[in-house]
4 protein chains.
Amino acid sequence: MIIVLKPEATHDDAQAMLRVIEAQGLQPLYLPGVERIVLGALGDERVLRTLRLDGHPLVESVKPILTPYKRVSREMQRHDTQIDISSVTVGGRGFVVMAGPCAVENHGQVNATAAAVRESGARVLRGGAFKPRTSPYAFQGHGEDALKLLADAGRAHDMPIVTEVVDPADVELVAEHADALQVGARNMQNYRLLQAVGRASRPVLLKRGMSATIEELLLAAEYIMDAGNPNVILCERGIRTFETATRNTLDLNAVAVLKLRSHLPVVVDPSHGTGVRELVAPMAKAAIGAGADGLIIEVHCDPASALSDGAQSLDPDGFARLMREIAPFVEAAGRTFAA
Amino acid sequence: MIIVLKPEATHDDAQAMLRVIEAQGLQPLYLPGVERIVLGALGDERVLRTLRLDGHPLVESVKPILTPYKRVSREMQRHDTQIDISSVTVGGRGFVVMAGPCAVENHGQVNATAAAVRESGARVLRGGAFKPRTSPYAFQGHGEDALKLLADAGRAHDMPIVTEVVDPADVELVAEHADALQVGARNMQNYRLLQAVGRASRPVLLKRGMSATIEELLLAAEYIMDAGNPNVILCERGIRTFETATRNTLDLNAVAVLKLRSHLPVVVDPSHGTGVRELVAPMAKAAIGAGADGLIIEVHCDPASALSDGAQSLDPDGFARLMREIAPFVEAAGRTFAA
Amino acid sequence: MIIVLKPEATHDDAQAMLRVIEAQGLQPLYLPGVERIVLGALGDERVLRTLRLDGHPLVESVKPILTPYKRVSREMQRHDTQIDISSVTVGGRGFVVMAGPCAVENHGQVNATAAAVRESGARVLRGGAFKPRTSPYAFQGHGEDALKLLADAGRAHDMPIVTEVVDPADVELVAEHADALQVGARNMQNYRLLQAVGRASRPVLLKRGMSATIEELLLAAEYIMDAGNPNVILCERGIRTFETATRNTLDLNAVAVLKLRSHLPVVVDPSHGTGVRELVAPMAKAAIGAGADGLIIEVHCDPASALSDGAQSLDPDGFARLMREIAPFVEAAGRTFAA
Amino acid sequence: MIIVLKPEATHDDAQAMLRVIEAQGLQPLYLPGVERIVLGALGDERVLRTLRLDGHPLVESVKPILTPYKRVSREMQRHDTQIDISSVTVGGRGFVVMAGPCAVENHGQVNATAAAVRESGARVLRGGAFKPRTSPYAFQGHGEDALKLLADAGRAHDMPIVTEVVDPADVELVAEHADALQVGARNMQNYRLLQAVGRASRPVLLKRGMSATIEELLLAAEYIMDAGNPNVILCERGIRTFETATRNTLDLNAVAVLKLRSHLPVVVDPSHGTGVRELVAPMAKAAIGAGADGLIIEVHCDPASALSDGAQSLDPDGFARLMREIAPFVEAAGRTFAA
């Protein structure tokens with residue numbers, strides 16, 4: 001950690017601080033400059049942070065040198081982590097497509113969708129039972145009933161399932177039915193929930209918060225790993241920017257950065273990431289180019305009713321077309337669709 | 001709701017949609033234009049949203065006319081809501097300053113801070129017992145013990161207390177000790193928590209999420225009100241932008257917008273909002289100019305240890321100076337400090 | 001255009017406005033609703049905007065229906081525009097890679113770089129003669145001398161050249177030497193410059209401003225086309241967001257959106273777009289997936305000096321590797337490298 | 001400057017870099033750590049930046065210690081700079097309100113507006129002759145004729161005038177008529193224009209670009225000062241964020257930060273900063289609280305025509321009310337309206 005002192009700090013002020021640094025078992029460094037005194041403190045930056053030197057009245061700024069995360073870091077583990085969602089491996093050579101309805105509505109709908117996406121090549125079934133919604137007046141999901149319907153559909157069509165959990169108190173229930181637990185973007189910094197899924201025995205699909213930095217996403221993953229669960233799949237799903245042509249700005253740079261910094265697998269959600277149906281296919285192809293290990297795609301909830309369809313959902317035909325369109329890109333990336 | 005159709009939509013397509021709109025008990029409108037057909041649907045936009053017309057393949061865009069919130073809206077209630085945190089009224093003529101330590105550490109620290117802020121004019125004591133932290137390695141708060149220490153300090157110094165709750169399962173416990181419940185920025189869209197505090201009998205201080213729009217903040221308040229708790233105090237605490245000179249960009253426009261659109265009281269947190277001690281006083285004055293009903297200020301946790309102080313906390317002297325500096329602005333706003 | 005009136009507007013107020021709308025030769029519509037009166041005005045929205053109805057005291061909001069641009073729109077021209085930079089066609093089946101040094105420094109540097117990038121498959125040579133720099137103390141480019149060196153290097157290595165112009169007064173001079181004119185991100189809304197390049201006889205490479213919306217980029221292109229120059233190549237080069245892990249957030253959604261809305265070719269600059277050398281290759285591949293017609297890559301200015309290299313520049317070996325890595329993605333996109 | 005090396009950098013690599021640093025006349029520092037080698041280089045950071053160490057393949061990150069600007073810095077000059085726009089001083093005890101029409105349309109309009117704003121207490125007349133507009137189809141201003149009309153109105157009503165210049169070639173012409181030159185937000189990084197106004201003999205009102213950081217604004221001011229013109233007034237006018245309730249997010253934190261870091265005067269434009277008429281007064285009061293030295297307010301162009309009014313312009317009555325409303329805040333700030 002580098003500590004830049006204010007111009008008014010004296011040599012004696014600096015020595016006093018260095019003694020505090022040394023008392024923590026850290027290596028102190030004194031760098032007197034022309035316009036400023038700069039101090040260094042080498043060692044475990046997690047200890048350093050507890051000193052909260054940034055609050056000292058004579059400190060102008062503090063610049064960390066090391067990343068604040070550890071377990072998720074590629075420096076800790078050079079090779080890629082592979083995570084099994086039941087029989088499907090994410091993060092290996094196989095490229096994994098997860099697909100399914102936004103919300104599980106009824107037996108017919110979820111099974112028809114499951115059959116269609118399996119047929120086209122999806123290997124994991126996604127679907128919402130507990131839905132976090134911006135408005136209290138919007139549909140909040142069918143809860144446990146939906147969970148069971150989804151699990152049945154997964155079994156019937158030979159796909160493990162992933163579904164969102166929104167309350168620490170529900171983790172056990174959801175883990176009983178689901179093969180993987182999703183933490184949604186709005187809950188990425190709900191630390192109680194992170195700790196709860198960290199104690200669960202299921203892999204976690206952790207979505208990036210819409211204003212979370214890449215470092216914060218990695219720290220959220222660190223929470224889960226620190227609580228005992230090493231099986232975290234990171235998911236880029238769009239960040240909030242000034243641009244309004246897309247609902248979110250799918251940040252594919254994050255995919256490339258995450259693959260550099262972390263050994264964890266990364267999947268991309270171009271449906272929520274753009275919010276526009278016509279953009280799902282080009283951004284899916286782009287995600288593969290950026291190095292994603294898989295995709296999670298919303299396939300529309302109820303193909304029978306022409307009017308009840310989200311602006312970003314594909315219908316089964318659209319999904320089949322998507323799978324055909326991305327195939328050459330999966331190959332260009334040196335991968336094959338997960339078996 | 002205005003529905004703009006794609007250029008390829010025909011008269012017949014439009015008529016089919018109008019029949020669906022009419023079947024919902026809404027008033028349909030047909031507006032054939034030169035380059036596009038435009039439809040209107042008048043009535044309860046909450047019903048309209050369930051049609052999810054934005055997902056229809058022939059729909060180019062959908063433009064809502066009414067706001068999606070209702071109970072929080074100034075259209076529902078013209079006069080300002082006043083909310084009592086125990087004996088202290090927020091949202092009336094009295095300007096309320098809440099102050100206290102970032103985290104409750106021990107009996108001495110919280111009482112010394114409480115005595116100092118009360119002496120300078122604070123009327124509500126704030127302090128963290130359950131701390132949401134970006135890193136799993138950072139101090140997470142002393143939990144229930146801290147809660148009791150804070151409640152004791154509040155009683156000893158005649159101030160009601162406000163403290164954060166981070167888990168729906170803790171709401172009952174926290175409500176037992178605290179006079180008001182804080183929902184933090186990271187949990188603004190933790191809907192289970194919103195519903196839980198909505199069932200509590202304590203007022204709620206709802207902080208804006210760091211990437212939440214003003215409309216989303218109002219919808220989060222609507223969740224709480226819809227669950228049965230009408231006593232919501234809104235809090236602006238900075239949003240995330242590209243600017244890095246301040247930790248967050250305190251958005252005082254939001255204060256003025258919230259006062260226009262909603263009848264709920266609005267307080268401002270310039271400590272977290274800027275993250276820089278020197279900016280707390282100017283932004284506190286600015287908040288008063290923008291129309292805030294109160295402030296929430298971090299006064300540092302442990303004045304004894306020169307090195308354990310957050311970059312944004314004031315010490316008791318700094319807080320006393322702040323109170324003197326803002327006094328003429330409180331008066332300029334036609335208000336007095338809350339008794 | 002849809003005009004939503006405030007709740008206090010009366011039937012008579014609405015009729016008065018409708019008469020103004022009709023007087024402009026537009027088709028007026030009256031839509032009385034339960035909570036609001038809504039007006040419609042159909043016809044040329046460019047005329048409507050001159051009424052500035054958004055400023056009327058009884059108007060709550062105004063929602064345009066049509067896009068404000070015309071010439072750049074795919075509605076005006078369904079097929080893709082192909083633009084010739086001298087002998088190289090951008091926007092056709094051929095995928096075009098432009099490469100070269102950040103700044104032209106001397107004869108040896110620019111020729112060595114030109115030879116290397118041509119050898120690896122670049123077909124257009126880029127290089128800076130006039131450099132816009134954030135700090136007045138940074139190197140500002142060698143101006144006309146650099147321009148001539150670049151043109152000579154282009155001729156020697158059989159590549160047309162593209163270079164930035166920063167002042168309307170320089171357009172003629174730069175057009176004399178360069179095959180295409182670049183308008184940089186900081187000048188995207190320098191309308192005098194847009195008009196000046198709009199009067200030039202060279203194609204224009206228009207970079208998106210770092211906080212420009214996609215609509216604003218299209219309007220900037222409209223300025224150039226409106227001034228008489230139909231040959232505009234759009235360039236995505238990263239926008240400014242809260243994320244600091246990358247210098248900018250390369251917005252590949254914009255590529256897909258631009259290809260939907262406009263007939264103009266789109267190229268991507270992953271060097272400036274990310275600011276990180278290791279991210280250039282993955283984001284180049286991603287750009288191809290998103291539908292880009294070409295890339296513009298910074299290949300470092302002076303390979304001889306190990307210390308004078310931008311954080312985002314590739315060296316000739318790195319560029320050769322990039323070209324090999326992207327080749328399968330170019331093929332997956334159904335394209336070939338431009339001959 | 002602190003240079004953090006990658007884990008693979010050796011002791012010898014570090015020594016080689018230190019020799020390069022020393023060769024530039026800078027003081028080198030060697031800080032070997034447990035996980036990383038860190039280097040220091042003390043001295044003129046402007047020299048250091050020319051080394052472009054951030055591009056070195058063994059460098060992980062570079063952290064500057066000093067600010068990149070010099071002349072604008074409060075470290076260079078502790079006391080506030082006062083700037084005279086003709087007879088009106090900005091930056092002293094007097095609080096200066098500048099007001100006038102968005103665009104100068106004709107003799108009657110500009111004189112009526114000038115008379116009204118002068119009567120209510122404005123001391124500088126603003127108005128647009130050359131208008132930068134996002135769309136090529138929008139009104140671009142009346143140019144030189146408007147300039148003369150504005151100058152006449154200023155003389156007639158005893159107010160110096162400030163108006164925007166958009167092209168380096170126009171600076172001389174505008175400086176002939178205007179008492180101060182405005183550089184607009186879209187041109188804040190048009191360096192040719194900055195240099196041109198830097199050579200002019202008029203004070204410059206420099207508006208912050210809508211995605212410019214505070215540091216970039218200060219560097220733009222540094223350009224002007226470095227070109228020879230010390231009279232720069234900084235203007236906060238809103239930045240671009242995800243929030244859409246206001247046209248821009250007026251960033252009053254910037255005012256407080258600028259007053260800390262720079263000796264230059266700062267004024268605030270709440271009209272463009274919010275884009276909403278009802279927000280002009282609260283944000284004007286807030287600006288005073290944040291420490292602004294003045295305001296620039298749009299007073300509507302043509303009060304006669306109820307339909308040709310911008311959403312953010314005040315009419316003369318609204319402006320008079322604003323002046324009455326802000327008066328107690330000006331006093332609370334220990335200032336008086338400029339005489």
Side-chain angles (χ1 to χ4, degrees), chain A residues 67 208-218 236 238-261 266 268 270 273-292 325-334, chain C residues 67 208-218 236 238-261 266 268 270 273-292 325-334:
Chain A
T67 57
R208 182 183 184 186
M210 72 186 99
S211 70
T213 61
I214 293 169
E215 183 172 297
E216 287 168 345
L217 172 58
L218 288 171
E236 163 61 34
I239 58 172
R240 192 157 262 186
T241 70
F242 63 81
E243 179 60 68
T244 54
T246 45
R247 198 166 69 175
N248 296 288
T249 296
L250 188 70
D251 177 15
L252 294 182
N253 311 275
V255 176
V257 172
L258 289 169
K259 296 302 290 182
L260 276 181
R261 295 202 187 163
V266 179
V268 170
T274 64
V276 180
R277 190 184 298 121
E278 287 86 349
L279 301 180
V280 172
M283 294 315 286
K285 293 185 251 176
I288 298 166
E325 280 187 43
I326 66 174
F329 287 88
V330 169
E331 198 193 328
Chain C
T67 57
R208 182 182 184 187
M210 71 186 100
S211 70
T213 61
I214 293 169
E215 183 173 297
E216 288 168 343
L217 171 59
L218 289 171
E236 163 62 32
I239 58 172
R240 192 158 261 184
T241 71
F242 63 82
E243 178 60 68
T244 54
T246 44
R247 197 166 69 176
N248 296 288
T249 296
L250 188 70
D251 177 15
L252 293 182
N253 311 274
V255 176
V257 172
L258 288 169
K259 296 301 291 181
L260 276 180
R261 295 202 188 163
V266 180
V268 170
T274 64
V276 180
R277 190 184 298 121
E278 287 86 350
L279 302 179
V280 173
M283 295 314 286
K285 294 185 249 177
I288 299 167
E325 280 188 43
I326 66 174
F329 288 88
V330 170
E331 197 193 326

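Computed from a prediction, not measured in an experiment: that's the story for all the values here. Below, chain A is the first sequence line, B the second, and so on; all start at residue 1.
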Look up atom [atom1] in [X] and atom [atom2] in [Y], then write down how far apart they are to the nearest 0.5 Å.
X: A/Phe329; Y: C/Lys285; atom1: CZ; atom2: NZ; result: 12.5 Å
X: C/Ile239; Y: A/Asp251; atom1: CD1; atom2: CG; result: 9.0 Å
X: A/Thr241; Y: C/Glu243; atom1: OG1; atom2: CD; result: 12.5 Å
X: C/Lys259; Y: A/Glu278; atom1: NZ; atom2: CD; result: 16.0 Å

For chain C, find which of [options] contributes the most heavy-atom pairs closer than 4.5 angstrom.
options: A/Pro328, A/Ala332, A/Gly273; result: A/Ala332
options: A/Ala212, A/Ala254, A/Ala245, A/Ala286; result: A/Ala286
options: A/Glu325, A/Arg208, A/Glu216; result: A/Arg208

Hey, does [Y] have a side-chain heavy atom less than 4.5 Å from the side chain of [X]?
X: A/Thr246; Y: C/Ile214; answer: no
X: A/Leu250; Y: C/Leu252; answer: no
X: C/Thr274; Y: A/Val257; answer: no

What part of [X] is in contact with chain C, defined as an atom under 4.5 angstrom from a non-hydrogen atom: side chain, backbone, both or neither?
X: A/Thr244; answer: neither
X: A/Arg261; answer: side chain
X: A/Thr213; answer: both
X: A/Ala284; answer: neither

Legend entry - Pick from C/Gly334, C/Ala333, C/Gly291, C/Pro270 with the largest number of heavy-atom pairs that fall under 4.5 Å of chain A: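 The residue among C/Gly334, C/Ala333, C/Gly291, C/Pro270 with the greatest pair count is C/Ala333.
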Inset, instruction - Among C/Val330, C/Ile288, C/Val276, C/Leu279, single out the residue with the greatest number of heavy-atom pairs under 4.5 Å to chain A. - result: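 Ranked by heavy-atom pairs under 4.5 Å with chain A, first place is C/Leu279.
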Legend entry - Which atom of C/Arg240 lies closest to which atom of A/Phe242, heavy atoms considered: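 Scanning both residues, the minimum pair turns out to be O-CE2, 3.7 Å.
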